[in-house]
Amino acid sequence: MRRAFGNRFALLASAAAVAAPICLIGLSPVAVASSSAQTTTTGVPAPYATQPGDPSSDPDIESCNFHGQDGYCMYTALDMPSTSGMINYTNPYPMSVDDGFFSADGVTWTAVGPIKRESGLAWVQRGTYHMEAPTAVEGDDGRTYYYVPDIFWATNSGADTSSRLDVSVSNAASAPFGPFTELTTTASTTLEGAPWVNSGFISDPDVVRGPDGNLSLVYANGTPTNCGGLSVGTLDRSTMTSWAAEPSPIYISGNNFGQTYGLCPATQQPYMDGPALYWSAGWGLTGVPGPWLLVFAVKPANTPTQCQTGFGEPGTNLETLAYAYANSLSPDSSGQVDFTYGGMLMCGSAKQYTNQASIVPMHTADGGTALIMVYHDSANGSVPMNRTLHAECLMYGAGKIGAAMRTTASIYAAPQQYLNSGAYLNCLSTLDQLDFALVSPVNGKIVSAQYGKPGTSMGQLVASRGAVGPDEKFNVTIPVNGTMPAPWLQFASGSFANATFELPANAPNEYVTASSTALNANSSAVGTAQRFTLNLNGDGSGNLVAATNNLRVTTASNGMLAANGSLSSQPQNFAILHY
């Protein structure tokens with residue numbers, strides 16, 4: 001099998017052993033062209049991966065093979081400590097170095113950079129400090145092609161229009177971190193976007209190989225000043241520095257996209273950047289939206305309802321992470337590529353305007369597969385930004401992805417229960433395939449036991465949240481009269497009686513109790529009131545019938561769950577999200 005970056009998930013030969021939650025990397029030093037390897041610390045809530053003294057941002061993570069070992073390659077930009085020496089123009093995000101990291105298991109990482117410096121870009125004026133958001137892809141020749149944006153006109157207006165992509169290629173096959181040889185040596189040889197959109201502006205690239213072998217490059221086509229959006233085009237695989245056809249703008253609609261974020265009058269889209277594109281149909285994960293999955297950063301005009309502090313979120317209108325999906329990347333009759341908005345993946349930071357993420361399926365220590373999102377955050381809102389990388393597990397199912405909560409103690413003052421989370425504890429160390437979350441069909445919100453929401457009845461189940469945290473994650477117990485499918489989240493159709501559900505994040509074992517007026521996660525014992533029949537529909541959804549009164553579980557208009565629906569009525573089918 002070709003070990004290609006393109007489908008974002010090369011099946012690994014075996015899962016490597018996972019280290020302790022907070023540890024030094026156990027990998028042997030690896031030789032690199034530019035510097036010796038450095039060890040990094042990992043764990044929660046410590047940074048997911050960062051080189052000491054060099055904060056990392058704008059992550060791009062890919063399945064790869066490095067020095068004969070299967071694993072994950074991550075490419076990042078590094079925030080500079082100051083603007084000293086920078087050309088005199090406004091640039092709140094000075095960057096001039098890209099770094100690389102390799103991990104065999106997604107938990108412990110070895111730094112293998114710097115792998116690219118702005119001083120090596122002949123077409124960029126020294127002191128521009130605008131090299132950001134890199135990406136890499138394996139070409140048809142097995143070599144790694146590296147794309148990084150910068151600007152050739154270092155002025156305030158030039159920063160909004162003159163961003164182009166530098167393209168370089170590794171000197172050998174199976175060398176994901178180079179060394180690289182430049183393919184673009186002048187501004188005129190760089191890769192530019194569609195010239196009629198902000199003078200060809202192109203930044204924040206990401207490249208994916210589709211099922212037909214073609215390479216699609218998605219990018220941000222503007223800045224906050226000109227309310228940029230997203231575009232996508234097909235690369236010329238013979239050159240890797242030009243387009244097979246002119247890129248098309250992406251148009252995202254549906255599911256209250258405009259109402260959630262607000263629209264710029266000139267573009268009728270919100271400001272978007274930091275895109276990542278995936279052929280998710282190739283992952284083999286049941287219930288992930290697609291077949292084309294787009295992850296992107298989007299700036300809301302106001303703080304979204306689900307991001308209020310009362311829901312354990314930072315409560316800001318800074319950039320959120322979101323996703324959309326499409327059946328095709330072919331332009332429609334108006335020349336745009338249409339995507340359907342799926343939902344939010346993460347609320348904005350408490351301090352950091354930017355948000356950018358990369359997702360990848362990872363093998364876990366116990367042989368499962370988890371969908372991991374790596375993103376950056378910072379407690380700073382000005383230079384030095386000092387952004388560092390963090391990771392969360394994403395729950396998915398029924399064509400949806402559940403938003404994740406930020407679980408980084410140094411970023412904002414969240415309750416402690418939200419901090420004892422993150423990718424390592426939630427799924428990379430042990431993947432519990434019986435964990436799940438429910439999305440109500442009545443209001444589209446995630447069911448929460450509301451332990452973290454003041455003024456609510458302790459453990460009361462209400463469809464009220466926009467993200468999955470400890471209060472929204474339940475665990476199913478094997479029914480006493482039989483065995484669930486192994487794993488049950490494969491969602492074969494069928495009815496399973498006497499299943500019980502508990503909230504694992506809050507000890508001691510709060511089992512869900514049903515009545516005709518409410519459902520509450522408040523019992524440490526199991527009796528008839530804690531048993532349900534789970535009816536699976538085979539499409540990632542299911543409905544519940546309470547054993548205590550033989551009535552269906554429903555969601556009221558205020559979001560409260562209760563067992564009060566007649567068996568003869570149309571059942572409320574909840575989307576079931578899982579790891």
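These numbers were taken from a predicted model, which means no experiment stands behind them. Residues: numbered from 1 along the sequence shown.
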Item to check | Minimum-distance pair of heavy atoms, taken over all atoms of Met405 and Gly469 | outcome: SD-CA, 3.7 Å

Checklist entry - Is there a side chain to side chain donor-acceptor pair (under 3.5 Å) between Ser495 and Asn535 once you walk through the steps? => result CA-CA 4 Å; Ser495 296; Asn535 300 302; 2.5 Å; yes

Checklist entry - Would you call Leu544 and Phe501 a side-chain contact if the rule is heavy atoms closer than 4.5 Å? => result yes

Checklist entry - Does the side chain to side chain donor-acceptor pair (under 3.5 Å) test come out yes or no for Ser448 and Glu472, once each step is laid out? => result CA-CA 4 Å; Ser448 174; Glu472 294 72 47; 2.6 Å; yes

Item to check | Heavy-atom side-chain proximity of Leu519 to Phe532 below 4.5 angstrom | outcome: yes

Under 3.5 Å donor-acceptor pairs involving side-chain atoms of residues 290-310, not counting sequence neighbours:
unit_1: Lys299; atom_1: NZ; unit_2: Asn317; atom_2: O; d: 3.1
unit_1: Thr303; atom_1: OG1; unit_2: Asn317; atom_2: N; d: 3.4

Checklist entry - Can you find a pair of side-chain heavy atoms, one from Phe339 and one from Gln336, that are under 4.5 Å apart? => result no

Next on the checklist: Tell me which pairs pass ring pair (Phe, Tyr, Trp, His ring centres under 6.0 Å) where either residue lies in residues 536-577, with sequence neighbours left out.
Outcome noted: none

Item to check | Close side-chain approach of Thr354 to Ser57, heavy-atom, < 4.5 Å | outcome: no

Item to check | Spacing of Leu371 atom CG and Leu394 atom CG [to the nearest 0.5 Å] | outcome: 5.0 Å

Next on the checklist: Are Asp204 and Pro275 packed together at the side-chain level, in the sense that at least one heavy-atom pair is separated by less than 4.5 angstrom?
Outcome noted: yes

Next on the checklist: Would you compute the distance between atom NZ of Lys473 and atom OH of Tyr579 and round it to the nearest 0.5 angstrom?
Outcome noted: 4.0 Å

Checklist entry - Do Arg531 and Val526 come within less than 4.5 Å of each other through their side chains, counting heavy atoms only? => result yes

Checklist entry - Please walk me through it: do Ser216 and Asn214 pass side chain to side chain donor-acceptor pair (under 3.5 Å)? => result CA-CA 6 Å; Ser216 296; Asn214 286 330; over 6 Å; no

Checklist entry - Can you check whether Val374's main-chain N or O pairs, donor with acceptor, with Ser358's side chain at less than 3.5 Å? => result no

Next on the checklist: Nearest 0.5 angstrom please: Glu319 CD to Met272 CE, how far?
Outcome noted: 11.0 Å

Checklist entry - disulfide bond (SG atoms under 2.5 Å apart): which pairs involve residues 549-579, sequence neighbours left out? => result none

Checklist entry - What pairs with Asn327 under side-chain hydrogen bond (donor to acceptor under 3.5 Å, both in side chains), at least two apart in sequence or on another chain? => result none

Checklist outcome for this item: Here the gap from Leu389 atom CG to Asp58 atom CG, rounded to the nearest 0.5 Å, amounts to 9.0 Å

Item to check | side chain to side chain contact (heavy atoms under 4.5 Å, CB included) assessment of Met362 paired with Ile61 | outcome: CA-CA 11 Å; Met362 283 187 176; Ile61 187 168; 3.5 Å; yes

Checklist entry - Roughly how far apart are Tyr511 OH and Leu503 CG, rounded to 0.5 Å? => result 11.5 Å

Item to check | Closest approach of Ser328 to Val337 (non-hydrogen atoms, all atoms of both residues) | outcome: O-CG1, 3.9 Å

Item to check | side-chain hydrogen bond (donor to acceptor under 3.5 Å, both in side chains) against Ser440, all qualifying residues, sequence neighbours excluded | outcome: Thr555

Checklist entry - Counting N and O atoms only, with roles assigned by atom type, does the side chain of Gln269 sit under 3.5 Å from a partner on the main chain of Ile252, one being a donor and the other an acceptor? => result yes

Item to check | Side-chain heavy atoms of Ile372 within contact of Cys393, under 4.5 Å | outcome: yes

Checklist outcome for this item: Per side-chain hydrogen bond (donor to acceptor under 3.5 Å, both in side chains), Tyr375 is matched among Glu392, Arg406, Arg387 by Glu392

Next on the checklist: If I compare all heavy atoms of Asn573 with all of Asn537, which pair ends up nearest, and what's the gap?
Outcome noted: OD1-ND2, 3.0 Å

Next on the checklist: So, taking the atom named OG in Ser515 and the one named CG in Leu561, what distance separates them when rounded to the nearest 0.5 Å?
Outcome noted: 11.0 Å

Next on the checklist: How close do Thr364 and Ala370 get, counting heavy atoms only, and between which atoms?
Outcome noted: CG2-CB, 3.8 Å

Next on the checklist: Under the criterion side chain to side chain contact (heavy atoms under 4.5 Å, CB included), I'd like the reasoning laid out for His578 against Tyr396: C-alpha separation, chi angles, the key distance, then a yes or no.
Outcome noted: CA-CA 5 Å; His578 54 85; Tyr396 57 89; 3.4 Å; yes

Checklist entry - Any chance the side chains of Thr554 and Asn564 put a donor and an acceptor closer than 3.5 Å? => result yes

Item to check | side chain to side chain contact (heavy atoms under 4.5 Å, CB included) between Val545 and Asn550, intermediate numbers included | outcome: CA-CA 6 Å; Val545 177; Asn550 204 35; 3.6 Å; yes

Next on the checklist: Checking side-chain hydrogen bond (donor to acceptor under 3.5 Å, both in side chains) between Gln530 and each of Thr500, Asn522, Thr513, which is the one that passes?
Outcome noted: Thr513

Checklist entry - Between the side chains of Tyr271 and Asp273, is a donor N or O closer than 3.5 angstrom to an acceptor N or O? => result yes

Checklist entry - With distance as the sole criterion, is a donor-acceptor pair present between the side chains of Gln268 and Tyr251 under 3.5 Å? => result no

Next on the checklist: Test side chain to side chain donor-acceptor pair (under 3.5 Å) on Asp206 and Thr135; report intermediate values, then the result.
Outcome noted: CA-CA 6 Å; Asp206 190 51; Thr135 193; 3.2 Å; yes

Item to check | Residues that Tyr325 engages under side-chain hydrogen bond (donor to acceptor under 3.5 Å, both in side chains), provided they are two or more places apart | outcome: none

Item to check | Smallest separation among heavy atoms of Ala556 and Val442, with atom names | outcome: O-CG1, 4.2 Å

Checklist entry - Can you check whether Leu567 reaches Arg552 side chain to side chain, under 4.5 Å on heavy atoms? => result yes

Checklist entry - Passes side chain to side chain contact (heavy atoms under 4.5 Å, CB included), Thr76 versus His376? Steps please. => result CA-CA 10 Å; Thr76 71; His376 68 236; over 6 Å; no

Item to check | From Val439, Asp435, Ile446, residue fulfilling side-chain contact (heavy atoms from CB on, under 4.5 Å) relative to Met395 | outcome: Asp435

Item to check | Considering all heavy atoms, the nearest Gln352-Ser378 contact | outcome: NE2-CB, 3.7 Å

